[in-house]
Every structure is written in structure tokens, then in C-alpha cells.
Amino acid sequence: MKEADAIKLFIGQIPRNLEEKDLKPIFEQFGKIYELTVIKDKYTGMHKGCAFLTYCARESALKAQSALHEQKTLPGMNRPIQVKPADSESRGDRKLFVGMLGKQQTDEDVRKMFEPFGSIDECTVLRGPDGTSKGCAFVKFQTHAEAQAAINSLHGSRTLPGASSSLVVKFADTEKERGLRRMQQVANQLGMFSPMTLQFGAYSAYTQAVRKCSPGCSSNAYLNPMATMAAVQMQQMAALNANGLIATPITPITPSSGTSTPPTIAATPVPALPAPIGVNGYSPVPTQANGQAASETIYANGVHPYPAAYPAAYGLVSQAFPQQATIVTQQHQQPQQQQQREGPEGCNIFIYHLPQEFTDSEMLQMFLPFGNVISAKVFVDRATNQSKCFGFVSFDNPASAQAAIQAMNGFQIGMKRLKVQLKRPKDANRPY
DNA sequence: TTTTATT
């Protein structure tokens, strides 16, 4: 069916509305297609804008790559289509991150510097939206050995003009490391500046939250919303650090929409977070007897809300921040009428029991981790200018809205718990 | 000073 030396291609920069049937005509002109798969998010099913393609013949793959790679841009895309061997086709780690470049250096300058060590597949200086160099680059060699040789010779070997320290040459971050980096950025964004603050805030918020969830135990302690968010972040980081994976929750999972769930648990999102891995292997989470039943309920539905919510959410963070920047810019450009954009049906959520002091921007921050926020509005009393303690957040897709609901409904802030649900359509529930 | 994505 396919040749033994067939190449699996990675196809990038494809519009998210194109499915296999739409893509097929573009590629079959180069030969018989063995397999073509659009890549979708494991949990949300969201189209990731890329695909894998294997031709029956190796030659077809080579022809398609040379004819299409970076040669045309599909409708709605800003960058040209990518057609190249999938990562799974390459052997070993051969991609380098190069830091501490001067801002003036071009792709060609960097290429010249690395050429002596082997054949370079890709060489790109990272640039911001305005085209300014970020002072770093990615260089991909054909083999791991070549990359290693470049590290050995170049790392720390010199300080380029305009750089603040000596040249950095190392293997590029893995996907896992990038995830961690993104979460640290989220933590910073939430105002947690030092590791000490972060640990302290997270621990106290976390223990209070756990106590609150234990039967027969009540805590009236005030939870700083940012410390509470810190707790979420910390648990994520701990889980990732320990396993390289999101830990499977051992504590009760709670379907926020479940009708048969006891109210005390239904409003408790904290156990839906992964079991934190404590320092030195100590886990502060008590395993609760009712946890298993709750978990099974979820799996029976085929939906695992926790892994769905957070990996998906953090996968979107890198998109979420540019989005936030966009919002800020828009406010400057048209301060009079920043549009209240509403997303499509299923993308808009209603949030009640917000802390009195929460503003649009704080609510935005709280929901950014779940996707592209296109609008975040706290409702304010006209007369007093005081928050009415509720608001609306709109995402650009329903999966983000569901992730936000799943993770944040019932989230404890102070003595209250957030109510987070889909915004009702305008015409519904208006009997009077 | 870490990217537009890799089942």
C-alpha cells in the first residue's frame, strides 16, 4: 500500500475550517495519498490548524514538499503553507535555540556562524510583530551530532555586539518545557512576582481550599483571589514537574453541570484540580472516599473535565496574551467605543459572585488561561459606579467557554463561590 | 533570549 521508505509530512498553516476532504484535492495532484489526518485536540476536538500526510510513494512526498512548502498561503492565513517531514520522521534532537544574538543579526548571519558544524535544515531569527529581532534564533541541523558539535564550539564562546552576555547555544525547549514556561508566564501575569510569594500564597490558599472541601469542616478565612489563582498554577506546575504529565486527579471530580451531584460537592471546583505533588513527595491531598464514584461518573460520560480544561487552557495561553495586547491597543485607539463583542452561541459565559473589587481587567486575567477572550465586562451600577458583582466573558470558541466553566464554576473567592455558566440567549427565559 | 501548529 505504501512504500517502506515513505515519508510522513507535517502540513502547517491550514485554515481551521478545512477538513480532510477539503485538503485532499490540494495534495493528491502529487501522487496517491496513503493517509491524511487533520490534527485535533485530544480532549476538545478542536482543529489545530495542521495535519499529517503520508503518500504511498516517497517521491510524491518530495514533490509535494518542493512544490508547496512556503509556496502559497491558504485563504485566511497570514503565513505560507508548511509541508515538511513530520518531527516523528527525524532522528533525535537536532534543533538548537540560540540566545544572546545582537539585534542586527539576520538569518544569514546566524547561518554562516553555524554552517561549519553541519548541514542546516532551518535557520530563523525570531522577530516581533514589528520585525525587530528578539535576539534569538532557532537553528536545525540534519543530525543530533552536528547540533551537539555546534553547542560545544559556540556556546559561551563570544559576546556579540549589543548582547548583554555571551552567546547561548543549547537544544531548543521540548514541548513539555514550553508548557512550563507558559505557566510561569501566566503566574507572572497574575502578579506573583517572586517564587517565595508564589509558594506562600499558593500553600495557604490551597490548604484553606482543601479544608473547605472536607466534610464537617468549615473555614471562613478570606481567600485572596490572586492567591487562589496561584494555587491553581502551583498545582499545575507541581504536577508537570513531577510527571511531565498532568496528574490524574485522585480527589473527587465534580461535574459542575451534574444534576444528581450533592450541592456541597457540586460547588467545589478545587478537587477537580490535579492532586498536587508536594515537596519531597509529600502530598497534602487527602484521598477522599467518595472520589472514586465521582470519577467513574465522569469517565462513563466519556468526558474527563480536568485534563480537558487545563491542558487545553494552557495550550492557548500563548495565543491569549497577544489577544490581551490587542484589547489594550484597541482601547487606546478608540477609547470612546470599545466594542462589546459577543462570541458565537456557546462562547459566552455569565459569571456571578465576583468580588466587589473585580474590574474588567481582573476578570479578563482570570479567564485568559482558557482561551482567546474577545470581551470581558463586569457590570457596574450607573449611579454608584460600583460593580454589580457579575459580568460576561466571551471566547472565540465554545471549547474555551466550556473549559472556563468546568474549571471556574464554584471557584471559591473569599466566602463566595463563583457561578460560571453559559450566557442565556437573549430570547430565552423571558416569560414576562 | 523559546516559535504557528507535531496524532
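These values consider heavy atoms only, across backbone and side chains, with no hydrogens, waters or symmetry-generated copies. Here is the naming used below: chain letters follow the sequence lines, and residue numbers restart at 1 for every chain.
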Between the side chains of A/R94 and A/E122, is the shortest nitrogen-to-carboxylate-oxygen separation below 4.0 Å, so that they form an ion pair?
no
What is the separation between atom CZ on A/F10 and atom C1' on B/dT3, rounded to the nearest whole Å?
12 Å
A/L101 CG - B/dT2 P separation (whole Å):
12 Å
Is A/K84 paired with A/D121 through a side-chain N to carboxylate O contact shorter than 4.0 Å?
no
Sorted by position of nearest nucleotide on DNA chain B, 5' first, the leading residue of A/E35 and A/S164 is A/S164
Compare the ring of A/F138 with the six-membered ring in the base of B/dT3 and state whether they stack (centres under 5.5 Å, planes under 30°).
yes
At 4.0 Å (heavy atoms only), tell me whether A/K140 reaches a base, stays on the sugar-phosphate, or touches nothing.
nothing
If you take all heavy atoms of A/V38 and A/E20, which pair is closest and at what distance?
N-OE2, 2.8 Å
In whole angstrom, give the distance that lies between atom CD of A/E89 and atom P of B/dT7.
13 Å
Quick one: A/N78 CG to B/dA5 C1', roughly how many Å, whole number?
14 Å
Would you kindly give the CD-to-C1' distance between A/Q13 and B/dT6, to the nearest whole Å?
14 Å
Residue A/S88, side-chain atoms from C-beta onward, closest of B/dT7, B/dT4, B/dT3
B/dT7
Gap between atoms NE2 and C1', on A/H47 and B/dT6 respectively (whole Å):
14 Å
Looking across every strand, which nucleic acid part, if any, lies under 4.0 Å from A/K103 by heavy atom: base, sugar-phosphate, or nothing?
nothing
Among the nucleotides B/dT7, B/dT2, B/dT6, which one has an atom lying closest to any side-chain atom of A/K170?
B/dT2
Out of B/dT2, B/dT6, B/dT7, which has the shortest distance to the side chain of A/K8?
B/dT7
Minimum-distance nucleotide to A/Q82 side chain [options: B/dT3, B/dA5, B/dT7]:
B/dA5
Taking A/E3 for the side chain and A/A57 for the main chain, is one N or O donor matched with an acceptor at less than 3.5 Å?
no
In this structure, how many angstroms lie between the P atom of B/dT3 and the CG atom of A/D173, rounded?
8 Å
Going by centres under 5.5 angstrom and planes under 30 degrees, do the aromatic ring of A/F52 and the base ring of B/dT7 stack?
yes
Charged N to carboxylate O below 4.0 Å: is that the case for A/E108 and A/R111?
yes
Proximal nucleotide (of B/dT6, B/dT2, B/dT4) relative to the A/A172 side chain:
B/dT2
Categorize A/T124 for me: base, sugar-phosphate, or nothing, with a 4.0 angstrom heavy-atom threshold over every strand shown.
nothing
Between A/K134 and B/dT2, is there a side-chain N or O to OP1/OP2 distance below 4.0 Å?
no
Using whole Å, report how far CD1 of A/I11 lies from C1' of B/dT7.
14 Å
